[in-house]
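Just so you know, residue 1 is the first one in the sequence shown, and it goes up from there.
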Amino acid sequence: MAAVAQCVRGALRSRSPLLSFALRTSPRQLCVARQQKNTGQNLEEDQSQSQNEQKVEPSSAEKMVTEEKAKLEEQLKEVTDKYKRALADAENVRQRSQKLVEEAKLYGIQSFCKDLLEVADILEKATESVPKDEIKDENPHLKSLYEGLVMTEVQIQKVFKKHGLLRLNPVGAKFDPYEHEALFHAPMEGKEPGTIALVSKIGYKLHGRTLRPALVGVVKDA
């Protein structure tokens, strides 16, 4: 009864003629209707609040997913960069190793060749020391010895060439400090300054690399 009285007092404060008439007919029905209206409004407010919360929650989740995606993309980028650098380093190491192996194959006989050059020099001096006018049929032993020395010298040069070892006899060429070693400089008529006039000792190159420079005399200005 107290609740009904409270509803009636609230309705009377609205000062509506229809509501006053309804109070005279059925105060209890009016109170029930008012309660149902308030309950409906409360339900709508709860539903609206729930919808707002549902809208906020997905927005926050999307933000977290976006941040996590950005972090993963950054990590993927870093890992990819490290992987590419590692591949590049490995390729550089492989190329350097291959180059060292190739150089070892080409120049591994360098010391051996230097020792053989002394033998070639001795053979060359031996053939040059034989007087050409003494090489006659009357001296068959000297002639056979000389021919044997010449054949040996020719054969050893073939072996040198086969393994990439070539002679440097630069008479008349321009002086090159990478291939020649100047023993002296002297003026000479009819010779261009800076050219090689005399070769004291033959030089050699192994696969394009100077193994022993030629010892030469260079022409200078008068």
Side-chain angles (χ1 to χ4, degrees), residues 83-222:
Y83 175 69
K84 290 180 178 179
R85 286 196 296 269
L87 284 180
D89 292 340
E91 180 63 19
N92 291 334
V93 171
R94 187 191 67 80
Q95 291 179 357
R96 285 197 297 268
S97 301
Q98 184 176 359
K99 185 178 180 181
L100 290 174
V101 170
E102 291 175 355
E103 288 183 351
K105 290 180 180 178
L106 291 175
Y107 305 109
I109 60 173
Q110 183 170 303
S111 298
F112 179 68
C113 288
K114 282 185 176 181
D115 294 336
L116 285 180
L117 293 184
E118 300 298 327
V119 177
D121 292 339
I122 293 172
L123 284 173
E124 184 178 2
K125 288 179 180 178
T127 54
E128 289 176 353
S129 65
V130 177
K132 299 300 185 287
D133 56 352
E134 295 292 333
I135 305 173
K136 300 177 182 179
D137 293 335
E138 290 79 9
N139 296 321
H141 298 292
L142 180 60
K143 184 179 179 181
S144 298
L145 178 61
Y146 176 78
E147 290 176 352
L149 290 174
V150 172
M151 291 177 61
T152 304
E153 186 179 5
V154 171
Q155 186 61 33
I156 199 171
Q157 290 300 327
K158 287 183 179 179
V159 173
F160 285 171
K161 187 176 181 180
K162 179 181 178 181
H163 293 280
L165 188 61
L166 301 178
R167 285 164 55 101
L168 290 177
N169 190 6
V171 176
K174 281 284 187 181
F175 176 77
D176 185 352
Y178 294 102
E179 296 182 357
H180 315 135
E181 183 178 342
L183 295 177
F184 61 88
H185 292 77
M188 294 184 183
E189 293 183 3
K191 301 290 185 180
E192 183 181 354
T195 60
I196 297 171
L198 176 68
V199 177
S200 175
K201 193 172 186 179
I202 297 294
Y204 284 88
K205 295 180 72 174
L206 178 62
H207 296 293
R209 179 187 294 181
T210 301
L211 183 63
R212 187 182 75 183
L215 302 181
V216 300
V218 184
V219 180
K220 72 173 183 179
D221 293 331

For [X] and [Y], which heavy atoms make the closest approach, and how far apart are they?
X      : Y      : value
Arg212 : Asp121 : NH1-OD2, 2.7 Å
Val216 : Ile196 : CB-CG2, 3.6 Å
Val219 : Glu192 : CB-O, 3.6 Å
Leu168 : Glu179 : CD1-O, 4.0 Å

- [ ] Output, in order, the C-alpha distance, side-chain angles, deciding distance and verdict of side chain to side chain contact (heavy atoms under 4.5 Å, CB included) for Asp137 and Lys143.
- [x] CA-CA 7 Å; Asp137 293 335; Lys143 184 179 179 181; 2.8 Å; yes
- [ ] Please test Lys99 against Glu102 for salt bridge (charged side-chain N to carboxylate O under 4.0 Å, His left out), starting from the C-alpha separation and ending with a verdict.
- [x] CA-CA 5 Å; Lys99 185 178 180 181; Glu102 291 175 355; over 6 Å; no
Could you check whether any side-chain heavy atom of [X] comes within less than 4.5 Å of a side-chain heavy atom of [Y], counting everything from C-beta outward?
X      : Y      : result
Val159 : Leu116 : no
Leu165 : Leu117 : yes
Leu211 : Lys114 : yes
Phe184 : Lys220 : no
Leu166 : Phe160 : no

TODO: For the residue pair Gln157 and Glu153, confirm or rule out a side-chain donor-acceptor distance under 3.5 Å.
DONE: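 Looking only at side-chain atoms, Glu153 and Gln157 do not form any donor-acceptor pair under 3.5 Å.
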- [ ] Count the heavy atoms belonging to other residues, nucleotides or ligands that lie under 6.0 Å from NZ of Lys191, then report whether that count exceeds 12.
- [x] no
Task: Enclosure of Lys161 NZ (heavy-atom neighbours >12, cutoff 6.0 Å) - done: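 It does not: Lys161 NZ has 12 such atoms or fewer within range.
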Task: Backbone N/O of His141 and side chain of Ser144: donor-acceptor pair under 3.5 Å - done: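 Side chain of Ser144 to backbone of His141: no pair is present.
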Rounded to the nearest 0.5 Å, what separates atom [atom1] in [X] from atom [atom2] in [Y]?
X      : Y      : atom1 : atom2 : answer
His163 : Lys158 : NE2   : NZ    : 14.0 Å
Glu181 : Leu183 : CD    : CG    : 6.5 Å
Gln98  : Glu91  : CD    : CD    : 9.0 Å
Leu145 : Ile135 : CG    : CD1   : 9.5 Å
Met151 : Leu123 : CE    : CG    : 13.0 Å
His180 : Lys201 : NE2   : NZ    : 15.5 Å

Open item on the list: For His185 and Phe175, take the angle between the two ring planes, folded into 0 to 90°, and tell me which bin it lands in: parallel under 30, tilted 30 to 60, perpendicular over 60.
Closed with: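 Aromatic pair His185/Phe175 classed perpendicular.
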